[in-house]
2 protein chains.
Amino acid sequence: MGRRYRGTGRQRRSNCPIACTLDLVGDRWSLLIVRDLLLGKTRFDEFLASEEGIATNILSSRLKVLENLGFVDRKGDDRDGRRVQYSLTTSGKLLGKLVQGIADWGLRNLPQTTLAPDGGK
Amino acid sequence: MGRRYRGTGRQRRSNCPIACTLDLVGDRWSLLIVRDLLLGKTRFDEFLASEEGIATNILSSRLKVLENLGFVDRKGDDRDGRRVQYSLTTSGKLLGKLVQGIADWGLRNLPQTTLAPDGGK
DNA sequence: CAGTATCCTGAAAGATACTG
DNA sequence: CAGTATCTTTCAGGATACTG
């Protein structure tokens, strides 16, 4: 139950908005989860199924961080633990815009990058 | 003299433009160097002086990667090793646009982030 | 000034087994 | 289905000394 406000738990290196963003969500997985949410995925298993292959413990941890940061909303049907749904908050959608910017840049500037052939699922 | 095309040397996890971008420049330091270049810094020592405190070996390594990726140009006065100048290539400036997008997002969405008080140097 | 070369450590990630 | 709990590994990053 360790209290950690920020992202991957790193210390904030400076007040630079770029450095802070990196310290918050600049890890290997967070933005890919945001991507999946943008694509309409809502469930734990769907994130797990993405081709990059995140581990369950990492996914769980990142979802909690994103929730704590106010980017992700978790709707839990808690007595039936099988209907949990994740979605982007308003704030998370703004982060999603940034993720889309990254996608746009990647598509234009990195050879052999393509949008997911599964069309979002 | 190990040959590594990509960024931090990670394997490409997928063809997703977001994942590839992260694998390429999604580490703790690369985009901060791009930031410094945007701010007009050109010399090794200037990057070292940034408040986040990058180590010499990491800086050296990242500059090489960014150069190999075509984002950074190194103008070396090689017999006088004291006049090396780094700058963004055309391609690097496009990456710079992405970095600015991150800065904008950070400024709007992360409390207590501010632009560098040193005004770019 | 602009790096290289080592050594070392911690934390992030990965693998796996298990649970309500 | 949606996680938790461990254990292990790796490797990116940090510290430091040295060099042309």
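Both backbone and side-chain heavy atoms feed into the values below; hydrogens, waters and symmetry mates do not. In what follows, every chain begins at residue 1, and chains take the letters A, B, ... in the order their sequences are listed.
Side chains of B/Thr42 and B/Lys75: no donor on one and acceptor on the other come within 3.5 Å. Side-chain N/O atoms of B/Asn57 and B/Ser60 include no donor and acceptor closer than 3.5 Å.
Taking B/Cys20 as the reference, A/Leu110, A/Thr113, B/Arg12 meet the side chain to side chain contact (heavy atoms under 4.5 Å, CB included) condition, with sequence neighbours excluded. Not counting sequence neighbours, B/Phe47 has no partner by the ring-ring contact (aromatic ring centres under 6.0 Å, His included) test. In this structure, A/Lys64 has no salt bridge (Lys or Arg N to Asp or Glu O under 4.0 Å) partners at least two apart in sequence or on a different chain.
Distances shorter than 4.0 Å separate none of the side-chain N or O atoms of B/Arg83 from OP1 or OP2 on C/dC1. Taking only side-chain nitrogens and oxygens, B/Arg28 never comes nearer than 4.0 Å to OP1 or OP2 of D/dA12. Dashed line: the shortest gap from a side-chain N or O of B/Trp29 to OP1 or OP2 of D/dA12 is not under 4.0 Å.
In this structure, the CD atom of A/Gln85 is 12 Å from the P atom of D/dC1, given to the nearest Å. Following rounding to the nearest Å, B/Glu46 (CD) and C/dC1 (C1') show an atom-to-atom distance of 11 Å. In this structure, CG of B/Leu59 is placed 14 Å from P of C/dC1, rounded to the nearest angstrom. The interatomic distance linking B/Leu32 (CG) with D/dG14 (P) rounds to 11 Å, in whole Å. If you measure from atom NZ of B/Lys41 to atom P of C/dC1, you get 14 Å, rounded to the nearest angstrom. If you take NZ of B/Lys75 and C1' of C/dA2, they are 18 Å apart, rounded to a whole angstrom.
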**Request:** Taking Watson-Crick and G-U wobble pairs with both distances under 3.5 Å, convert DNA chain C into its dot-bracket string, 5' to 3', dots for unpaired and | for cross-strand pairs.
**Result:** ||||||||||||||||||||
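Note that CZ of A/Arg74 and CG of A/Leu63 are 9.0 Å apart. Values are rounded to the nearest 0.5 Å.
For B/Ile58, the side-chain atoms get nearest to D/dG14 when compared with the rest of C/dA2, D/dG14, D/dC1.
B/Arg35 forms no cation-pi arrangement with B/Trp29, by the criterion of a distance under 6.0 Å to the ring centre and an angle within 45° of the ring axis.
For the pair A/Leu39 and A/Asp36, the minimum side-chain heavy-atom distance is below 4.5 Å.
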If you look only at distance, which donor and acceptor atoms sit under 3.5 Å apart when one is on a side chain in residues 93-107 of chain B and the other is two or more places apart or in another chain?
none

Check nucleotides 3-5 of chain C against the protein and report each pair of N or O atoms closer than 3.5 Å, with its distance, or say if there are none.
residue	atom	partner	partner atom	Å
C/dG3	OP1	B/Arg74	NH1	2.2
C/dG3	OP1	B/Tyr86	OH	3.4
C/dG3	OP2	B/Tyr86	OH	2.4
C/dT4	OP1	B/Lys64	NZ	2.5
C/dT4	OP2	B/Ser60	OG	2.2
C/dT4	OP2	B/Lys64	NZ	3.0
C/dT4	O4	B/Thr56	OG1	3.0

